[in-house]
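Here the structure comes first, spelled out in structure tokens, and everything after it is commentary.
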Amino acid sequence: MNRDEKFIRIALAEAELALEEDEVPVGAVIVAGGEILSKAHNKSISMNDPSAHAEILAIRKAADRVNNYRLAGMTIYVTLEPCVMCAGAIIQARISRLVFGAHDPKSGGVFSLYNILNDGKLNHSVDVTGSVLENECSEILSRFFRKKRL
């Protein structure tokens, strides 16, 4: 198993926690130098907070841990392609790299609908790797939405 798969699996474990809490099952992990700085999963429903996406919560925890709002040199691993809000937060935090699992054709801000992380009009760009363990990342979301439709 390569490094990207290893950390996406950890993000998937976070997504499973979200699933258990009846939240949209998305997980995120922020890594610096091979060390996990933070992990989080969606909590928008339980926190009554539309910004409580896994990425936002993980960024807040990592920034608190390093006592800096800039997370340069770090990688964020996410089970689902970030939305526009989360892509903007990744830019603002100056995260260097994003690795994600499943593409999000309905609200993806990285490839599917927009390409915010590499928009030349912004003052920061992010190295992006997508489709890591895509089937596993898609499956947990499908399971959640199938259950909701019953």
Side-chain angles (χ1 to χ4, degrees), residues 1-47 51-119 124-147:
M1 174 183 343
N2 70 34
R3 176 181 241 183
D4 289 348
E5 289 177 356
K6 171 187 170 183
F7 290 118
I8 286 289
R9 288 197 189 285
I10 294 167
L12 272 165
E14 284 292 315
E16 288 286 348
L17 293 174
L19 185 66
E20 291 171 14
E21 296 170 13
D22 207 28
E23 297 274 359
V24 176
V26 177
V29 177
I30 296 181
V31 175
E35 176 190 356
I36 295 173
L37 291 182
S38 66
K39 301 184 288 186
H41 56 274
N42 277 2
K43 289 186 174 260
S44 294
I45 297 166
S46 62
M47 294 178 75
S51 73
H53 288 195
E55 300 95 321
I56 301 292
L57 297 174
I59 288 168
R60 288 175 181 162
K61 288 179 186 178
D64 189 53
R65 182 152 180 215
V66 299
N67 199 31
N68 193 333
Y69 73 108
R70 298 289 197 216
L71 302 177
M74 298 183 195
T75 300
I76 186 166
Y77 294 86
V78 188
T79 57
L80 181 65
E81 175 185 358
C83 69
V84 171
M85 174 183 69
C86 292
I90 290 167
I91 291 278
Q92 292 301 315
R94 303 299 192 263
I95 291 173
S96 299
R97 184 166 183 247
L98 162 70
V99 178
F100 71 89
H103 288 261
D104 187 351
K106 293 185 178 176
S107 62
V110 178
F111 283 125
S112 297
L113 296 179
Y114 302 98
N115 188 4
I116 292 169
L117 297 184
N118 288 297
D119 185 323
H124 180 70
S125 64
V126 178
D127 179 35
V128 179
T129 302
S131 303
V132 176
L133 299 178
E134 184 169 18
N135 290 339
E136 292 94 325
C137 293
S138 294
E139 190 279 328
I140 190 171
L141 289 158
S142 295
R143 199 172 0 136
F144 173 80
F145 287 111
R146 257 193 320 271
K147 180 180 161 190

Next on the checklist: One pair to check against side-chain contact (heavy atoms from CB on, under 4.5 Å): F7 and V99. What are the steps and the verdict?
Outcome noted: CA-CA 9 Å; F7 290 118; V99 178; over 6 Å; no
Item to check | Heavy-atom closest pair, residues I91 and I116 | outcome: CD1-O, 4.1 Å
Next on the checklist: Would you say that P25 contacts N42 through its side chain, given a criterion of any heavy-atom pair below 4.5 Å between the two side chains?
Outcome noted: no
Next on the checklist: Please check: side-chain N/O of E21 versus main-chain N/O of K43, any donor-acceptor pairing under 3.5 Å?
Outcome noted: no
Item to check | Spacing of L80 atom CG and S112 atom OG [to the nearest 0.5 Å] | outcome: 8.5 Å
Item to check | Intermediate values then yes/no, side-chain contact (heavy atoms from CB on, under 4.5 Å), I56 and C86 | outcome: CA-CA 6 Å; I56 301 292; C86 292; 3.9 Å; yes
Item to check | Side-chain heavy-atom pair V24, F145 within 4.5 angstrom cut-off | outcome: yes
Item to check | CG on L133 to OG on S131, rounded to 0.5 Å | outcome: 10.5 Å
Checklist entry - Who passes side-chain hydrogen bond (donor to acceptor under 3.5 Å, both in side chains) against D4, sequence neighbours left out? => result Y77, R97
Next on the checklist: Can you give me the closest heavy-atom contact between R3 and G33, atom names plus distance?
Outcome noted: NH2-C, 4.0 Å
Next on the checklist: I'd like to know whether H53 forms a side-chain contact (heavy atoms from CB on, under 4.5 Å) with V26, so could you lay out the CA-CA distance, the side-chain angles of the two residues, the decisive distance to 0.1 Å, and finally the verdict.
Outcome noted: CA-CA 8 Å; H53 288 195; V26 177; over 6 Å; no
Checklist entry - Which residue pairs satisfy the side chain to side chain donor-acceptor pair (under 3.5 Å) criterion with at least one member in residues 82-91, sequence neighbours excluded? => result none
Checklist entry - Excluding sequence neighbours, so at least two apart, what forms salt bridge (Lys or Arg N to Asp or Glu O under 4.0 Å) with K39? => result none
Item to check | Shortest non-hydrogen separation from A32 to M74 and the atoms involved | outcome: CB-CG, 3.8 Å
Checklist outcome for this item: T79 and I8 have their tightest heavy-atom pair at CG2-O, 4.4 Å
Checklist entry - Side chain of S125, backbone of N118: donor and acceptor closer than 3.5 Å? => result no
Item to check | Minimum heavy-atom distance between M47 and A52, given as atom pair plus value | outcome: SD-CB, 3.9 Å
Item to check | I36 side, atom CD1; R65 side, atom CZ - distance, nearest 0.5 Å | outcome: 9.5 Å
Item to check | Heavy-atom side-chain contact between D104 and F111 under 4.5 Å | outcome: no
Report all side-chain donor-acceptor pairs from residues 9-20 shorter than 3.5 Å, counting only partners two or more places apart or in another chain.
{"unit_1": "E14", "atom_1": "OE1", "unit_2": "H41", "atom_2": "ND1", "d": "2.8"}
{"unit_1": "E16", "atom_1": "OE2", "unit_2": "R143", "atom_2": "NH2", "d": "3.1"}

Next on the checklist: What's the separation between atom OG in S38 and atom CD1 in I76, rounded to the nearest 0.5 Å?
Outcome noted: 7.0 Å
Checklist entry - Who passes side-chain hydrogen bond (donor to acceptor under 3.5 Å, both in side chains) against E5, sequence neighbours left out? => result none
Checklist entry - Just how far is it from atom OH of Y114 to atom SG of C83, taken to the nearest 0.5 Å? => result 11.5 Å
Item to check | Residue pairs, two or more places apart or on separate chains, that pass salt bridge (Lys or Arg N to Asp or Glu O under 4.0 Å) and touch residues 106-116 | outcome: none
Checklist entry - So, E55 side chain and A28 main chain: donor-acceptor pair closer than 3.5 Å or not? => result no
Checklist outcome for this item: Rounded to the nearest 0.5 Å, the NZ atom of K147 sits from the CG atom of D22 at a distance of 5.0 Å
Checklist entry - Under the 3.5 angstrom rule, does the side chain of H124 hit a backbone N or O of I95 as a donor-acceptor pair? => result yes
Item to check | Taking every non-hydrogen atom, the tightest pair across S138 and A102 | outcome: OG-CB, 3.4 Å
